[in-house]
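All values reported here derive from a predicted model rather than from experimental measurement.
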Amino acid sequence: MTRTATCSCGELRIDVVDEPRAVGICHCIACQRRTGSVFATLAAFLPPYTVTGEATEYVRIGDQGSRMVFRFCPRCGTTVFHTEEGSDYVSVAVGAFADPGFPAPRASVYDSRRHHWVRLPEGIATYETDPD
């Protein structure tokens, strides 16, 4: 199975293969600012994946020193995916798939930063910070 995630204008896209290895929600302040929302929902995929179009990169250092490279469309500004140095996974913004049937998240990280009015799905694993 191939899934395609795109930016708002369609200039940047990523095609991933197979089911996501993980789907999660992040409530950290950096993800809130990056998305303009109160959390980010991401799906992790292993290679192979194909990127079409040009991406602008933004590098952010995580709380535990990991270096994450976020790719966004230089035309419309949509963040579509990111990678973490030293990891094979690519993390794709679930909303960029525009698929209401996409698998639900199974984990919620930085729950200590979750807005009090956000309700999580039943049975989801929660972590006060990043469990890694």
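Taking both residues in full, the closest heavy atoms of T6 and V80 are given as C-CG2, 4.2 Å, listed atom of the first, atom of the second, then distance. Contact record, A43 with V23: CB-CG2, 4.2 Å, taken as the closest heavy-atom pair. In this structure, C73 and L12 approach most closely via the heavy-atom pair N-CD2, 3.7 Å. Of all heavy-atom pairs between C9 and C76, the closest is N-SG, 3.6 Å.
Here the side chains of I25 and R114 are not in contact, with every heavy-atom distance at 4.5 Å or above.
Grouped by direct or indirect side-chain proximity (heavy atoms under 4.5 Å, Ile/Leu/Val/Met/Phe/Trp/Tyr only), Y89 sits with L46.
Cluster annotation: I124 is connected to V118 through the hydrophobic network of ILVMFWY side chains, with a link wherever side-chain heavy atoms come within less than 4.5 Å. There is a path of hydrophobic side-chain contacts, each under 4.5 Å, that joins F81 to V16. Note: the hydrophobic cluster containing L42 does not contain V69 (ILVMFWY, side chain heavy atoms under 4.5 Å, direct or indirect links). In the hydrophobic cluster analysis, where Ile, Leu, Val, Met, Phe, Trp and Tyr join through side-chain heavy atoms closer than 4.5 angstrom, V94 is grouped together with V51.
Within 6.0 Å of CD on E54 lie no more than 12 heavy atoms contributed by other residues, nucleotides or ligands.
Residues that satisfy the side-chain hydrogen bond (donor to acceptor under 3.5 Å, both in side chains) test with R75, not counting sequence neighbours, are E11. D130 is linked by a salt bridge (charged side-chain N to carboxylate O under 4.0 Å, His left out) to nothing, counting only residues two or more places apart in sequence or in another chain.
The ring pair (Phe, Tyr, Trp, His ring centres under 6.0 Å) contacts involving residues 111-132 comprise H115-W117, where partners must be two or more places apart or lie in separate chains. Residue pairs satisfying the ring pair (Phe, Tyr, Trp, His ring centres under 6.0 Å) criterion with at least one member in residues 48-80, sequence neighbours excluded, are listed as follows: F70-H82.
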I'd like a table of donor-acceptor pairs (distance under 3.5 Å, sequence neighbours excluded) in which one partner is a side-chain atom from residues 102-110, with atom names and distances.
unit_1 : atom_1 : unit_2 : atom_2 : d
R106   : NH2    : R21    : O      : 3.3
S108   : OG     : H27    : NE2    : 2.8
S108   : OG     : D111   : OD1    : 3.1
Y110   : OH     : D63    : OD2    : 2.5

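For the atom pair R60 CZ and R67 CZ, the distance stands at 12.5 Å (nearest 0.5 Å).
Under a 3.5 Å cut-off, the side chain of S8 and the backbone N or O of T78 do not form any donor-acceptor pair.
Here the options are D99, D18, D15, the test is salt bridge (Lys or Arg N to Asp or Glu O under 4.0 Å), and the partner is R3; only D99 passes.
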